[in-house]
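Below, all heavy atoms of this structure are taken into account, side chains as well, without hydrogens, waters or symmetry copies.
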Amino acid sequence: LGAAIQHLLAIFAGIVTPGLVVCGLCGASPEQTRQVAGMSLFISGVATFIQIHRFGVVGSGLLSIQGTSSSFIAIFAGMAAAGLARGETPEQMLGLMMGMGLVCALVEVGFSQMLPWMRKVITPLVAGIVITLIGLTLLKVSAMQIGGGSAALDNGTFGAPRNMVLAVLTAGTVLALNRSRNPWFRMGALMGGMVVGTVAAALAGAVQVPVWDKAWITVPVPFRIALTFRWEWVLPMALMYLASTVETIGDLTATSMVSGEPTAGALYERRLSGGILADGLNSMLATIFGSLPTTSFSQNNGVIQLTGIASRRVGLWIAIFLIVMGLVPAVAWVFTLVPQAVLGGATLVMFGTVAASGIRLMGSGGFGRKSLLVVATSLGAGLAVTLEPRLLAHLPGWARQLFGSGIMTGTVAALIAQALAGRDGGP
């Protein structure tokens with residue numbers, strides 16, 4: 001039970017935050033935001049239960065915790081911007097995100113059966129580039145939140161000193177707690193930063209608490225949000241599921257290592273395949289019930305190493321806690337009170353950590369001359385279309401939609417550059 005609480009401190013804010021960010025991008029109502037946040041907790045619990053067991057070929061059988069993936073926010077931000085331009089409602093935008101998440105999750109299901117081929121094409125260098133681009137492109141979302149969000153843009157208060165102070169206070173608290181020698185403080189750094197920032201915002205009169213007049217228990221309803229589909233988002237979403245697959249391979253390998261389990265051989269390969277398959281199926285389940293795609297969380301490996309406990313019974317406690325909290329709307333309601341600036345301060349550190357993890361993965365094999373060329377070309381191409389989207393103004397609509405994502409452009413550039421430049425140590 002004690003180990004489970006430490007795991008929850010490490011992941012709780014990370015599970016809820018993606019839903020809050022995406023709903024904010026769509027202009028969703030507080031009630032819609034509560035529903036998405038609540039289902040994020042509920043599905044994370046169900047997904048964790050599936051992942052820690054092995055139901056036939058599904059599941060890793062390791063203490064691998066599942067949660068809402070923040071990586072997809074970069075693509076969902078593009079969907080929200082396109083939806084706003086078309087005059088769609090928040091529910092229509094969320095329906096597209098979840099519909100694309102449901103259909104394209106089949107990509108990850110397929111990848112689970114193609115591990116040998118994937119390892120030849122998706123090298124650590126390419127995987128690191130993809131993850132780095134995800135983190136870097138997400139920082140634009142953090143910057144919008146730090147300024148106060150779209151509401152602040154409308155009323156002319158974007159970038160107000162109060163918003164900047166709250167964001168800096170939140171980010172500073174997260175960093176300070178991470179420096180603590182107390183493992184509980186380090187595990188709960190993200191949540192602690194959001195609590196401190198929200199309390200400061202409340203004292204400054206920036207938090208409005210509405211009267212609670214909703215039911216105290218909610219019942220999960222499949223397809224509560226009508227799902228839609230658009231062909232132009234298939235390739236970008238498939239790429240994100242590829243990135244999620246690569247991330248899961250790394251997480252499950254680390255989980256095996258810190259749990260004292262093999263990181264090579266038939267058992268390891270079965271766990272990888274089952275874990276990735278569970279990832280894809282859990283993402284499909286999440287979108288059906290009004291949440292966002294899920295993935296394995298890497299921070300839990302630190303808790304396993306810290307506690308020395310890798311028993312799957314800990315995962316069972318975590319799953320139960322998440323399911324129960326997801327069924328109690330008041331839990332998600334508390335998180336919807338967090339101001340945009342506070343959320344921006346927290347996500348600035350969170351998304352920056354994603355980019356830093358990608359850089360570390362890129363450098364894991366060493367940087368030779370050819371590797372540097374691949375990195376330079378791919379990051380340059382990905383950031384170029386992100387910083388100056390007018391570069392694509394004369395392309396057909398489908399091409400603008402496809403390559404308007406810096407992640408998509410950078411990944412394609414990485415694969416081409418790797419094929420042309422070769423690999424370090426090669427001819």
Side-chain angles (χ1 to χ4, degrees), residues 3 7 10-11 14 44 47-48 50-54 57-67 69-71 107-132 134-135 240-283 293-312 314-315 318 353-366 371 411 414 423:
H7 279 280
I11 64 173
S44 293
T48 296
I50 293 172
Q51 185 68 276
I52 64 176
H53 295 85
R54 277 192 66 85
V57 296
V58 180
S60 66
L62 294 167
L63 181 53
S64 178
I65 311 304
Q66 296 279 119
S69 175
S70 61
S71 299
V107 172
E108 188 168 12
V109 171
F111 282 147
S112 69
Q113 309 303 312
M114 301 165 60
L115 290 180
W117 174 83
M118 283 189 60
R119 290 183 179 180
K120 292 179 181 179
V121 178
I122 308 300
T123 64
L125 180 67
V126 173
I129 290 169
V130 174
I131 294 171
T132 301
I134 290 171
M240 293 313 304
Y241 274 112
L242 171 60
S244 183
T245 301
V246 172
E247 182 182 359
T248 300
I249 291 173
D251 289 342
L252 292 177
T253 301
T255 304
S256 294
M257 184 171 60
V258 298
S259 302
E261 293 294 313
T263 55
L267 177 59
Y268 168 71
E269 295 289 341
R270 285 199 303 272
R271 283 175 170 164
L272 278 188
S273 179
I276 296 169
L277 180 57
D279 242 20
L281 295 177
N282 285 333
S283 291
T294 67
T295 190
S296 55
F297 272 25
S298 57
Q299 52 264 54
N300 296 99
N301 293 323
V303 183
I304 295 173
Q305 199 163 26
L306 183 70
T307 61
I309 300 173
S311 170
R312 290 179 298 172
V314 174
I318 296 168
T353 302
V354 173
S357 299
I359 293 171
R360 182 171 58 185
L361 181 57
M362 281 192 289
S364 61
S371 295
T411 303
R423 303 185 186 182

(request) With side-chain contact (heavy atoms from CB on, under 4.5 Å) as the test, would you mind laying out the steps for Val246 and Val130 before giving the verdict? (result) CA-CA 9 Å; Val246 172; Val130 174; over 6 Å; no
(request) Begin from the C-alpha positions of Thr255 and Asn300 and carry the test side-chain contact (heavy atoms from CB on, under 4.5 Å) through to its verdict. (result) CA-CA 8 Å; Thr255 304; Asn300 296 99; over 6 Å; no
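Distance check: Leu272 CG to Thr263 OG1 gives 10.0 Å after rounding to the nearest 0.5 Å.
Residue Thr295 comes nearest to Ser244 through the heavy atom pair OG1-OG, 3.3 Å, listed as atom of the first residue, atom of the second, then distance. Counting all heavy atoms, side chain and backbone alike, Ile134 lies closest to Ala243 at CD1-CB, 3.8 Å. The two residues Thr48 and Gly315 make their nearest non-hydrogen contact at CG2-O, 3.8 Å. The shortest heavy-atom contact between Thr132 and Gly358 is OG1-C, 3.1 Å. Here the closest heavy-atom approach between residue Ser256 and residue Leu62 is recorded as OG-CD1, 3.4 Å. Residue Tyr241 comes nearest to Ser283 through the heavy atom pair OH-CB, 3.6 Å, listed as atom of the first residue, atom of the second, then distance.
Screening Arg312, Gln51, Arg270 for a side-chain hydrogen bond (donor to acceptor under 3.5 Å, both in side chains) with Ser60, the sole residue that qualifies is Gln51. Shown are Val109, Ile276, Val107; of these, the side chain to side chain contact (heavy atoms under 4.5 Å, CB included) with Thr245 is made only by Ile276.
Side-chain contact check for Val58 versus Leu281: some heavy-atom pair is nearer than 4.5 Å. Tyr268 has its side chain within reach of Thr253: a pair of non-hydrogen atoms, C-beta onward, lies under 4.5 Å apart. By the 4.5 Å heavy-atom criterion applied to side chains, Ile11 and Ile318 are counted as neighbours. Counting heavy atoms from C-beta outward, Met362 and Pro124 have side chains that stay 4.5 Å or more apart. Annotation: side chain of His7 is in contact with side chain of Ile304 (closest heavy-atom distance under 4.5 Å).
Side chain of Ser273 to backbone of Gln113: no donor-acceptor contact under 3.5 angstrom is found.
Note on residues 246-261: pairs passing salt bridge (charged side-chain N to carboxylate O under 4.0 Å, His left out), not counting sequence neighbours, are Glu261-Arg271.
In the model, Thr248 has a side-chain atom that pairs as donor or acceptor with a side-chain atom of Asp279 under 3.5 Å.
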